[in-house]
Amino acid sequence: MTGEEARGRGQECVMTDKEHEGGDGRTGRRTSDKDQSWIPNIIRKRVCTTFVEDSLSNGALCQCGGMRETHGSNATGDYFGAAIVSQWDSSQHSSEYPTDAFGELEFTGAGRRHSHFLRLSCDTPPQIVYSLMTAHWGVPSPNLVVSVVGGGGCEKVKTWVREVLRQGLVKAAQRTGAWIVTGGLREGVGRCVGEAVRDHAAAASSLSQKKVIAVGVAPWGLVHNREQLVNTQGSFPARYYVQNASRDSCCLDNNYQAFLLVDDGSVGRRGGETAFRSKMEDYISHQRTGIWGSGSIEIPVLCMLISGEAAMLKRVDLSLRKATPWLVLNGSGPAADLICELLDALSAVPMSCTSPPPEGEGSESPSAELRERTRERVKRHFPAEADREKLVDRALSIYQNRDLITVFHGEQDSPDDFDTVLLKALVRASKRVSSDASEYTEELKLAVAWNRVDIANSELFNGDIQWRYEDLEDSMTDALINNKPQFVRLFNENGLNILDYLTYQRLEGLYRSLSSSSLAYTLLQRRLTERQSLAKSVPTVPCSPDEPTPLKRPQSPMSPISGPSSAKELSLYEVSRLLWDILGDVCQPFYYSPLGLDQSTSTWKALKQVNKLLLGDCPYREQRCVYPWASLFIWALLQNRSEMAVYFWEMAGESVLSALAGCKILRELSKLESETAAKLSMKELAQKFENLANDVFSECYQSSESRSFNLLIRQSLVWGEATCLEMATAADARLFFSHDGLQSLLSQIWWGDMERSTEVWKLILTFFLPPLIYTNLISFRDPEEEGKTEQVPHGQDTDSLDGGDATMFSLTDIMDEDAEENAAIRVNLKGAPSSNPKRPFILLRWREFWFAPVTAFLGNVLMYFLFLSLFAYVLLLDFKPPPPHGPSTLEFVLYFWVFTLVCEEFRQTFFRGSTTLYQRMKLYIQDMWNKCDITAISLFALGMCCRMFPWSYEFGRAVMAVDYMVFTLRLIHIFAIHKQLGPKIIIVEKMMKDVFFFLFFLAVWLMAYGVANQALLYSYDPRPGWIFRRVFYRPYLHIFGHIPIHEMDADKLEEGIECTNNVTLIQAGAEPCTSTYANWLVVILLVIFLLVTNILLVNLLIAMFSYTFSKVQEHSDTHWKFQRYNLIAEYHSRPCLAPPFIILSHLHLFIKRHIRRIPSVKIKHFVLDIRGRQASRLNTWEAIQKENILSAQNKREREKDSERLKRTSVKVDSVLKQMAEIRDHGHRLRMLETEVEYCSSALSWMVQALSQSNLIKPTRPPPALRDLTLQLADPSLMENNEI
């Protein structure tokens, strides 16, 4: 197979894997791990095919390193070809064959997970190998590749180099998500890196998200015990045994995740992998970081030189010509020390050529002085090398590319700052490669790719650099897609305007970048496929016709954000449909306005309009997103990104509603998620948002009760005109409903304008004697005084947010059906509540009593008791025969009463809300008590029809009797309003589920015992009724102690009973005789049955009941308050009259809605529509309370012991670093003191010598040390001496 064929086959393999991963989501990768039978068809090995005799081995060895016996007959038989060849060459004297070593590697006794390995030819295209590693082996794509070279063989690695690898390189790789590429053998630097990776893995937390990835690239012919890896079908795993682990050897190191064993056909020779390794590094350097290559930069590749022999200079030179940056450890060994000396000593020497030539060694030679100095240093470091001039040329070529080389002084620099050194080295290289690149921009992109926000904070965003929006745009996209919330926060705080950044085109790009393994990707893919099925006239795109277009295109890294889109790519419409499926009818559809769709547009029509829109220029994509933080919040929620979602929630407005919406979205997604871990994390994050909503509302309620009430019922433009109460109900936020502030609002609505302290007996008395309304028996609140008193307790608001509370409302306005004509006046209230139209006192007080939900509830309860009494009387005493003798008058009254109940159920189903008919019916069916109503009404209709005919009269009466039970059980619903009895309803409901599972186990034992008992007692009894009794009914009675011993025990059988064993008589109806054979077995079975059912199963049921009771009772208050809201909302929406008089209210509503065309306000529960300045002030006030909560939470976090320990650790590290600097300064001072002493001694000797000579005739004697000390102590003496 040629290289081009292999490359094409490799790309086909990669695309197949991508399709598996995209289609299945979470199982594609696992499926492809062991299905690697295609590898031998693509990946090749090399085998020596020409025996070139090694003159030093007396004909026993080939120059490839292999013995003569290992070569085939064709290789050893070509004497003519071998005779004219003097030097063995891999490309000419070896051939490629399918690889026979690949799969997983298990190190015997190592006790760690398996590693991947592959034997491949040195000419294998690197893109195939890289795709195999990332797509099939599951190795995460790197943010950086550090290729460690040098220090191989038996060369001893210095101690400080080991510390740099352990404390610097490995930690930096973990922080940046880097690959460390070495030889992968247990020798030299490769062994040190493996040990450092092992120590880091042992010390790191098992929950650490980032693992250090070490990749070994070694020559196949050098690997010890490589025969253990050979298997033509692949090894899963191959057992690899290593001997003498404490000594350096050419065995594979068990601390590496992957091994690429490069085969050039040689055996026991080093350097065969160098060319492939260079090509691999060059290929990776042209790939982009991030998910699907969505990062803003290409993957940086840095080569790290440790020690090295003379041959390493060629490797460094060739790599520098490809603009690969190098980090050289000064003092680690010959090659590294030579390069460092060249950079340090030759910097002042002029050159005739200042830039590397494009081809060859260069057309211009450096100056003679430079060449001579280079020759001296090469001679000093490599004295034994024969071809010294070639090494000089290599060294000069390396010196010409000195801008790509960074020197690390290991004995002076700290290993803790190694990642910063790597960053500086790559930034320096990027400046050299791209002359117009900004240093700070490239450094920022690298910091984002490595997720090093600490470096960005300390080096880039310290106030010295003025960042522009254009500089942060690409990095912001990178941080969003690759889940780096700390950088998103940093960019937002340092000049990035989210309003300018987030357009609808970028938002669509963010959704196209979703991971194919996420649930949101799968759901959006379904909606995209649904829309594509209608796009008949859309031009085709390069994708398979049998498969839907993926949300993203991996072959174009930047297309998810800025590339052009067609009608077959993801749009905002699919996002809107997904949110509609999740949120239901709580919110209006999202993103309909930019798409030009109307809220009432049907799905089919919307699909056509969207397809038509997407075929055009799509002008909406250039528009700014209206609510950017809320849109990003939803985007993060759909991906279950906890930290990023919380930050977007902090930045978005309407904190309480946003938190409840996040809770709703996550709980709905958790129901669709199949993976247990993801499901659990979604539930935990949903609970976190519910807690945040509860905390913020608590702060709001403490600040202002009236504003907090408005907050609960205010319609939100951000969330599709939803309210907090509606969203909390949909999200099943029971903790939020248990808040005292919300319950206070519900109590206020429940009692209407009556005082909450009104006794129930006063209500009942007034209900039967309406004139008592106008007495002082029941106290009513004054709306004007209420508006004043509600502002007094919380007068601590700021002046800018206080002032009149213009959003105050009257509960009479909410519950008043006849005042709906003045809804616009009431909603946009500008003054006090007293601005409502005045009514006469008699009419006003009448409405305040009868329109309160508590009155409607009381009326319905009393009338329902009357209904049950009438039903019982008719069923027991006045149930007449079929027509013409019946039904009676009271029975007709009962029929009419049930008819009014049916009318009310129809009103609740079809005349509530503005959603579709299907959604109304679905919402109605979801309620348990509505199911009970449907059952009761259906049974009543069946019984009523059957009782009208003589042939079904008795059946109809029986149905009516059962139906009475259902109607009576419906009475349990009234207990929901009671604080003690309300939770008991939930307990009973959950216990019914426990009973179901108990009955399943019980039925198994009943069946087992009943059949066996019947077969032992009666040899033949064909009567079905008696069989059912004796198999099920009689064993069931045994549980409760009803045991007929005289029919079961042979010793106590009653005499004189007429029975027979004649089969003919038994078939005719005679009683069969009890069988006495094996009667002892009947008694044993009875004992076992009673033991299991009465002791085991009954106690199991009691334990289940106890667990359910304790679990619900623990949160009984929360459960009760939640169902209390449902009850209040139900009776708030009901007409004030109870059945059967409710028919009058229905006629009244019909006239108002369909004849007078008066729109309903009350049909939307607890809704307050505020706009403009009022809404802005309410949002600002809510944001202030949220900031207070976040500040308090941050303060509590800082006061935790763990945070204090972290701060103490940072301070201790700083002190230790300062002490190290002090020690270094002390060392330098001692060196200076030594030099000063030497200089002083030398000067003394010179003074003494001059004094003894006749060259100088001094006018005064030389100063003594004592005189100098006195002069330094007394400055006046120094002045005199100067004079």
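Because only heavy atoms are used, hydrogens play no part in the values below, and waters and symmetry mates are left out as well, while side chains stay in.
Note on E684 versus K688: no salt bridge recorded, every NZ/NE/NH1/NH2 to OD/OE distance being 4.0 Å or above. A salt bridge links E508 and R512; the closest N-O separation between the charged side-chain nitrogens and carboxylate oxygens is under 4.0 Å. A salt bridge links E530 to R577: one of the charged nitrogens lies within less than 4.0 Å of a carboxylate oxygen. No salt bridge links D478 with K445; every basic N to acidic carboxylate O contact stays at or beyond 4.0 Å.
There is a side-chain donor-acceptor pair under 3.5 Å between W719 and S658. With no hydrogens or angles considered, no side-chain donor-acceptor pair links T406 and W326 at under 3.5 Å. With hydrogens and angles left out, the side-chain atoms of Y511 and S571 include no donor and acceptor closer than 3.5 Å.
Ring geometry for Y647 against W629 counts as perpendicular: the plane angle is over 60°, on a 0 to 90° scale with 30° as the lower cut. A tilted orientation is assigned to the rings of F491 and F461, their planes being inclined by 30° to 60°. Ring pair Y620/Y504 is tilted by interplanar angle, where 30° to 60° counts as tilted.
For NZ of K279, the number of neighbouring non-hydrogen atoms (other residues, nucleotides, ligands) closer than 6.0 Å is greater than 12. For D617, the CG atom is loosely surrounded, since the number of other residues' heavy atoms within 6.0 Å does not exceed 12.
For R489, the salt bridge (Lys or Arg N to Asp or Glu O under 4.0 Å) criterion is met by E650, not counting sequence neighbours.
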Requested in this report: Could you check S285 against D282 for side chain to side chain contact (heavy atoms under 4.5 Å, CB included), going step by step and ending with a plain yes or no?
Outcome: CA-CA 5 Å; S285 66; D282 183 65; 4.0 Å; yes
Requested in this report: Show the numbers, then the answer: is there a side chain to side chain contact (heavy atoms under 4.5 Å, CB included) between V575 and W635?
Outcome: CA-CA 9 Å; V575 181; W635 174 77; over 6 Å; no
**Report entry** Chi angles and distances behind the side chain to side chain contact (heavy atoms under 4.5 Å, CB included) call for F590, L583
**Finding:** CA-CA 10 Å; F590 286 79; L583 296 174; 3.6 Å; yes
Query - Residue pair L260, V129: steps toward the side chain to side chain contact (heavy atoms under 4.5 Å, CB included) verdict - result: CA-CA 9 Å; L260 301 178; V129 180; 3.7 Å; yes
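The residue from L637, N640, L523 that alone fulfils the side-chain contact (heavy atoms from CB on, under 4.5 Å) condition with L669 is L523.
Aromatic rings from F276 and Y283 are positioned such that their centres are separated by 6.0 Å or more.
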